[in-house]
Amino acid sequence: MKFRIAKLPGDGIGPEIVEQAVKVMKAVGEKYGHQFDFEFGLAGATAIVQVGDPYPETTHKLCMDSDAVLFGAIGDPKFDNNPSAKVRPEQGLLEMRKKLQLYANIRPVKTYPTLIDNSPLRRDLIEGADFIVIRELTGGIYYGELRGRTENGMKAFDTNVYSKEEIIRVTKLAFDYAAKRRKKLTAIDKANVLATSRLWRETIQEMEDDYPEIDVEHMLVDNAAMQIIQWPTKFDVLITENMFGDILSDEASVITGSMGLLPSASIGVHTSVFEPIHGSYPQAAGKDLANPLATILSAAMLLDSLNLIDEAEKVREAVDASMDKGFVTADIASGKPRSTSAVGDWLAEWIIKDK
Ligand code: IPM
Ligand code: MG
């Protein structure tokens, strides 16, 4: 089959890690007889510098016309340290989410046996942890239109807005994930304080009857923040609003001790975007040392979304093999560290050879 993939490397280490995922996907294409046509799009700080817009219209059109989007990372300290910068790379990300209606962000969190001692948590707490955080991504306080400062500048406000439709759309997806897994859904909110959270809880409670096989648990976000760290193995699928999901998914990402390995998918109405959860790591840009595995595992999620299930599994097997062999970058190497591109080459070759 033939697929058109938008390639948005973005900033920092983005280009070099995305290149490894491209290599791996090309190897998959060669082995399984698919053609992936990659087309480049500008995004992030790089796009601001070149065309003055972190998510240019041409990039948006490319994404709309593609079967999937492979994304690197965006962000540049040049902009972080300048509070008066008019356009910021992050605005491009928020605009992309809104315009492509990327309503659900999926972050699987899974411990890898060989990396367990990298975790800041005790081995016995995290061994076997395997859950998915599903975060609503196009609503809530990130997008409430009523925001700003009072005239004298002494007060500021943001508004958290959710419609039932928005809650139902993302929660359906969460139920579907839970149905394919251990059939447990934890819905996280702050229903003891927030009106939006009460709507979330009520809406999810109404949906529960349609999924009798799923065990649904409602949990307040502060309690959830604690339980994720204390008993990570008890979770299966988590569903929550935009802002809580932002915070909890970062918290969850440290459990495994291998940030450089965590992929994500943002499921859209038009097309979906696949990217590592880590940032643009500007200090390492161009040095060929960043870990490409999170991006490569994101490419595996991309293949899943195209219904190329065996192909996706093959990519995951290749990643497991590279870790078993210790053919990995410095951040997770116990032996000789390998470069970003060497890891990409190794995986591509493993995929093609392993008939
Ligand atoms: C993320 C990031 C973004 C967010 C920032 C960069 C706007 O933290 O993808 O989680 O808050 O959504
Ligand atoms: Mg975040």
Side-chain angles (χ1 to χ4, degrees), residues 8-14 17-18 42-48 53-55 59 63 69-83 85-109 131-145 147 158-162 166 170 188 196 221 224-225 228-229 238-256 258-268 272-283 285 294-295 297-298 301-302:
L8 277 49
D11 308 322
I13 56 169
I17 53 176
V18 164
L42 274 174
T46 321
I48 299 180
D53 182 347
Y55 184 59
T59 300
C63 294
V69 181
L70 183 63
F71 197 88
I74 65 169
D76 188 315
K78 230 183 9 248
F79 293 89
D80 291 343
N81 303 333
N82 176 8
K86 285 214 173 57
V87 269
R88 296 174 167 277
E90 290 78 9
Q91 280 165 2
L93 195 62
L94 297 182
E95 210 183 307
M96 177 172 80
R97 291 174 182 170
K98 198 65 180 177
K99 283 189 162 168
L100 293 176
Q101 292 191 59
L102 304 176
Y103 65 93
N105 182 238
I106 318 268
R107 287 189 180 191
V109 175
F131 62 90
I132 296 187
V133 181
I134 301 186
R135 162 188 178 192
E136 200 289 328
L137 202 58
T138 48
I141 202 159
Y142 273 60
Y143 291 96
E145 278 170 21
R147 65 170 67 201
D158 296 281
T159 46
N160 192 7
V161 185
Y162 268 111
E166 286 174 308
V170 70
I188 296 166
T196 37
V221 62
I228 286 172
I229 290 294
L238 278 62
I239 172 76
T240 192
E241 66 156 270
N242 203 344
M243 174 99 131
F244 297 154
D246 177 45
I247 299 164
L248 292 180
S249 56
D250 266 26
E251 185 195 13
S253 73
V254 301
I255 292 173
T256 63
S258 44
M259 184 85 152
L261 247 76
L262 297 182
S264 80
S266 296
I267 306 299
S272 298
V273 176
F274 301 84
E275 61 179 307
I277 69 147
H278 59 70
S280 59
Y281 193 12
Q283 305 85 331
T295 317
L297 291 167
S298 302
M301 291 182 88
L302 186 159

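One-based numbering, in listed order, for ligands and for the atoms of each.
A cation-pi arrangement is present between K98 and Y143 under the rule of less than 6.0 angstrom and at most 45 degrees off the ring axis. Cation-pi check for R135 over Y142 is met; the charged atom lies under 6.0 angstrom from the ring centroid and within 45 degrees of its normal.
Around the Mg ion (ligand 2), the protein atoms of type N, O or S that sit closer than 2.8 Å are D246 OD1.
Using a 4.5 Å heavy-atom threshold, the side chains of I188 and L248 count as touching. K99 has its side chain within reach of Y55: a pair of non-hydrogen atoms, C-beta onward, lies under 4.5 Å apart. Between F244 and I141 the shortest side-chain heavy-atom distance does not fall below 4.5 Å.
Atoms of ligand 1 lying under 4.0 Å from at least one heavy atom of E90, given by number and element, are 6 (C). Of all the atoms in ligand 1, the ones that sit under 4.0 Å from a non-hydrogen atom of R107 are 10 (O).
Polar contact check, Y142 against ligand 1: a nitrogen or oxygen pair lies under 3.5 Å apart.
With a 4.0 Å cut-off on non-hydrogen atoms, M243 does not touch ligand 1 at all.
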Chi angles and distances behind the side chain to side chain contact (heavy atoms under 4.5 Å, CB included) call for V221, T240: CA-CA 9 Å; V221 62; T240 192; 5.7 Å; no
From CA spacing to verdict: salt bridge (Lys or Arg N to Asp or Glu O under 4.0 Å), R107, D250: CA-CA 10 Å; R107 287 189 180 191; D250 266 26; 3.4 Å; yes
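If you check which protein heavy atom lies closest to atom 3 (C) of ligand 1, you get R97 NH2, 4.0 Å. At the shortest separation from atom 8 (O) of ligand 1 among protein heavy atoms lies D246 OD1, 3.3 Å.
For the 3.5 Å distance criterion, the side chains of E136 and Y162 qualify, holding a donor opposite an acceptor.
A 6.0 Å sphere centred on CD of E145 holds no more than 12 heavy atoms belonging to other residues, nucleotides or ligands.
The closest approach between R88 and ligand 1 stays at or above 4.0 Å for every heavy atom of the residue.
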